[in-house]
J.: 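Dropping a structure here in structure tokens format, bear with me for questions.
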Number of protein chains: 2
Amino acid sequence: MSVRVTMRDIAKEAGVSPMTVSRALKSDGSVNAKTRQMVQDVADKLGYVYDTTAQAFRAQRSGFLALTLPSINNANFATTHKALTESLAETDLQLLQGITNYDVVREEQMVRQLLARRPDAMILTGGTHTDTTRRLLESASIPVFEIWDIPEAPIGHVIGFSNSDAMGLIVDHLAQSGRQRLGFVGASADTDARGHERRLGTIKAARERGLAEVLDLQIGPAPATMSSGLELVMREIDRIRGLDALVCVSDPVAFGAMMALECLGLTIPGDIAVTGFGNFEISRISRPSITTLDVGAQEIGTLTGRCANEILSGISAQDAVIETLTPRLLVRKTTG
Amino acid sequence: MSVRVTMRDIAKEAGVSPMTVSRALKSDGSVNAKTRQMVQDVADKLGYVYDTTAQAFRAQRSGFLALTLPSINNANFATTHKALTESLAETDLQLLQGITNYDVVREEQMVRQLLARRPDAMILTGGTHTDTTRRLLESASIPVFEIWDIPEAPIGHVIGFSNSDAMGLIVDHLAQSGRQRLGFVGASADTDARGHERRLGTIKAARERGLAEVLDLQIGPAPATMSSGLELVMREIDRIRGLDALVCVSDPVAFGAMMALECLGLTIPGDIAVTGFGNFEISRISRPSITTLDVGAQEIGTLTGRCANEILSGISAQDAVIETLTPRLLVRKTTG
DNA sequence: GATCATGTTGTTACCGATACCATGATACCG
DNA sequence: CGGTATCATGGTATCGGTAACAACATGATC
């Protein structure tokens, strides 16, 4: 059984031409019902498996939708991935993904590797890329989607939200509940462009609302995890004691920070408020539950999938889609 | 720029044959250094991107490593995925994944779709499959790996651990610390074969150690999440009050359950012990930290990647590899 | 009976990269 | 100087499915 069965084999066995086999298996209406059934039976008998590689090659259309993600180990991106997969379920598109580890150089490598598979479209998580990446994508002449961000210079379609503006909602809420001295906890600027946008947004919003200068607390290179939030608080507790709110770049970081704060005897939200980002499950379940932003990770995936499918199937025009989502503030127990 | 550049185009522009272009770009030693450089320059100038689809078609070898995962939104599988990706980084193998949603019928669809891409090997998470899936894989005559489980009837290679035996470690520990009346929290049997193995293992171990019959607490269909752990405790609190240990199918479930228990006024581990499974980050960071099992999710990925690469590159023989890992008990604060 | 529409099947060429073999050029040997 | 090894390059065929067109049979229509 080590040789593979092709349509030619089926054709020989069934006594028809390969073309008829092709038509029969594709349920092309132009083939006689009896012939189709016979071909189908022979195919089953021989254990035939369709060869998408050959079809993709011939049609010059791979059926792949390429996707880059910073990390697979992040519930937010996983949600987008899941929604994307589901909104593609009815189509013949298949996801082909590359993990960039929050690194634009690695992203470039992945884009190169993905483009070599001739995807029908490319979805990039994030709006920061190397020049070469941009060049590669432009000359690939396929639809490009940038999601999860609003890039300054979009390559093609955009489905995301402003990380900077989003922080305004959080800072507003903190200011309204009387907090004045904020600290921001996030990964280093060069490893997490998205997180850095949140940092800048927090600083800007605090300034606009007349709060004290934001204390910048950096936890090292991305990804920012529960552990990094916990360790940062342990390390910087002296400076943190002077604050009345800790704005965290994500929910896991907020949770880690909260565990450390409680361990050190501070009460939440009494002594200090804590906010997260992303509406991860932990923020709803933890005690106290964490005030956070829902950015519509699922909606991003669903919209992107639908939009990509419409463009690729020619239903909608190729005009650049710019879809700006508005994050939703979820006030919970960590901000009193 | 909408037509794609092929080796033929480069050949014409560089005044050589397509064959020479192929050799030059592949750094085949048999092409003159000066010619190679010239070809390379022309390729760069034209913005050429190699076509892996054509290469795969010609070579009858796709370079794909197909992988099925029950869920993308699970830190344990994500860890395996990451380790697998990393151990493949040096090779020319590319992961092609399908999400099964803990459903063997969906797995069959995914396997069919993945096989049509002619992968060089197939990695299945789990050891429970439909008959058709087994048949498809057998006639595909490629190396098959089943990971994360020890299947009763392996299809090919196996890299996993016994979910049933693993629970013995937890039950032992609970028994030694004086717990007698255990409850098991997990998804319904038919949606999570792996979780069900853990249920059976717990029941078996409790029986062998002379503990009370295990109370079976089912949270509905997989996946088992923090929310489902929390909701189950809220719903079943009356029966749970009679227990002195809650054995959970995973760390997130344990965390959710713990939050609910505390909310209802029970102390952990004073009133009731709680255990998790999988050594998710939450189990180390939460307060109290959660006693759990580390099953070597990373090691599974690394081993599988290395093994697949060795077999595919002909370094090692095709003999069936059966690699049984031994989970490691991590005693933390939820079991006093 | 000739003409034409319709339904079904077959033939040929092609997608892009490359294995295989052939060929020409150069170097080196006795 | 003829013969042969070595190096560099080219020509051709091929992988599996399918678009485009051709061919044929059948039945309907005038």
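Here the structure is a predicted model, which is why all the values come from computation and not from measurement.
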J.: Expressed as a whole number of angstroms, how long is the span from Leu25(B):CG to dA17(C):P?
T.: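 Leu25(B) atom CG is separated from dA17(C) atom P by 9 Å.
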
J.: Between C1' on dT18(C) and CZ on Arg61(B), what's the gap in Å once rounded to a whole number?
T.: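 One finds 15 Å between C1' of dT18(C) and CZ of Arg61(B), rounded.
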
J.: Is it true that the NZ or CZ of Arg117(B) lies under 6.0 Å from the centre of Phe64(A)'s six-membered ring and within 45 degrees of the ring axis?
T.: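 Because its charged atom sits under 6.0 Å from the ring centre and within 45° of the axis, Arg117(B) does stack over Phe64(A).
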
J.: For Ile10(B) and dG10(D), give me the distance from atom CD1 to atom C1', rounded to whole Å.
T.: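 After rounding, the reported distance stands at 17 Å.
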
J.: Taking the six-membered ring of Phe57(B) as reference, does the NZ or CZ atom of Arg58(A) fall below 6.0 Å from its centre and within a 45° cone about the axis?
T.: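 No cation-pi geometry.
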
J.: Gln97(A) and side-chain contact (heavy atoms from CB on, under 4.5 Å): which single residue from Leu65(A), Thr68(A), Ile72(A) fits?
T.: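 Going through the options one by one, the only one that passes is Ile72(A).
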
J.: Measure the CG-CG distance between Asp120(B) and Asp92(B) for me, rounded to the nearest 0.5 Å.
T.: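 Rounded to the nearest 0.5 Å, the CG-CG separation comes out at 8.5 Å.
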
J.: Describe the nucleic acid contact of Ser30(A) in one word from base, sugar-phosphate, nothing, applying a heavy-atom distance below 4.0 Å.
T.: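 Base, at least one base heavy atom under 4.0 Å.
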
J.: Could you tell me whether the side chain of Leu124(B) reaches within less than 4.5 Å of the side chain of Val111(B), counting heavy atoms only?
T.: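 Yes, side chains in contact.
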
J.: Whether the side chain of Thr100(B) engages the backbone of Arg106(B) through a donor-acceptor N/O pair (distance < 3.5 Å, no angle test) should be reported.
T.: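 No, because the side chain of Thr100(B) does not come within donor-acceptor range (under 3.5 Å) of the backbone of Arg106(B).
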
J.: Measure from CE on Met19(A) to P on dC21(D) and round the result to the nearest Å.
T.: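 My rounded result for the distance is 13 Å.
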
J.: Side-chain N or O of Thr20(B) versus OP1/OP2 of dG10(D): is the shortest distance under 4.0 Å?
T.: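 For Thr20(B), the contact criterion (side-chain N or O under 4.0 Å from OP1 or OP2 of dG10(D)) is met.
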
J.: Is Arg306(B) salt-bridged to Glu310(B), cutoff N-O under 4.0 Å?
T.: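 Salt bridge: no.
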
J.: Given side chains that start at C-beta, do those of Glu108(B) and His129(B) come closer than 4.5 Å, heavy atoms only?
T.: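 They are not in side-chain contact.
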
J.: Would you classify Thr6(B) as touching base, sugar-phosphate or nothing, given that sugar-phosphate means primed atoms plus P, OP1 and OP2, and contacts are heavy atoms under 4.0 Å?
T.: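 Sugar-phosphate contact only.
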
J.: Under 4.0 angstrom, heavy atoms only, what part of the nucleic acid is Met7(B) near: base, sugar-phosphate, or nothing?
T.: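 Sugar-phosphate only.
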
J.: I want to confirm an ordering. Mapping Arg23(A) and Arg8(B) to their closest nucleotides on DNA chain C, which one lands closer to the 5' end?
T.: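 Going by which nucleotide is closer to the 5' end, it is Arg23(A).
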
J.: Taking DNA chain D as the partner, which of residues 48-60 of chain A come within under 4.0 angstrom of it by heavy atom?
T.: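 Here the set is Tyr48(A), Tyr50(A), Asp51(A), Ala54(A), Gln55(A), Phe57(A), Arg58(A).
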
J.: Using whole Å, report how far CG of Asn32(B) lies from C1' of dG10(D).
T.: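 Atom-to-atom, Asn32(B) to dG10(D), this comes out as 15 Å.
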
J.: Any base atoms under 4.0 Å from Val16(B), or only sugar-phosphate, or nothing? Heavy atoms, all strands.
T.: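 Sugar-phosphate contact only - Val16(B) comes under 4.0 Å of backbone atoms but never of a base.
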
J.: Using rotation axes that map the C1' atoms of four end pairs onto the next four (five pairs an end), what angle separates the end axes of the helix from dG1(C)-dC30(D) to dG30(C)-dC1(D), to 10°?
T.: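 About 60°, once rounded to a multiple of 10°.
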
J.: Between Gln60(B) and Arg118(B), do the side chains contain a donor N or O and an acceptor N or O under 3.5 Å apart?
T.: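 Side chains of Arg118(B) and Gln60(B): no pair found under 3.5 Å.
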
J.: Rounded to whole angstroms, how far apart are NZ on Lys26(A) and P on dG17(D)?
T.: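 Going from Lys26(A) (NZ) to dG17(D) (P), I get 11 Å.
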
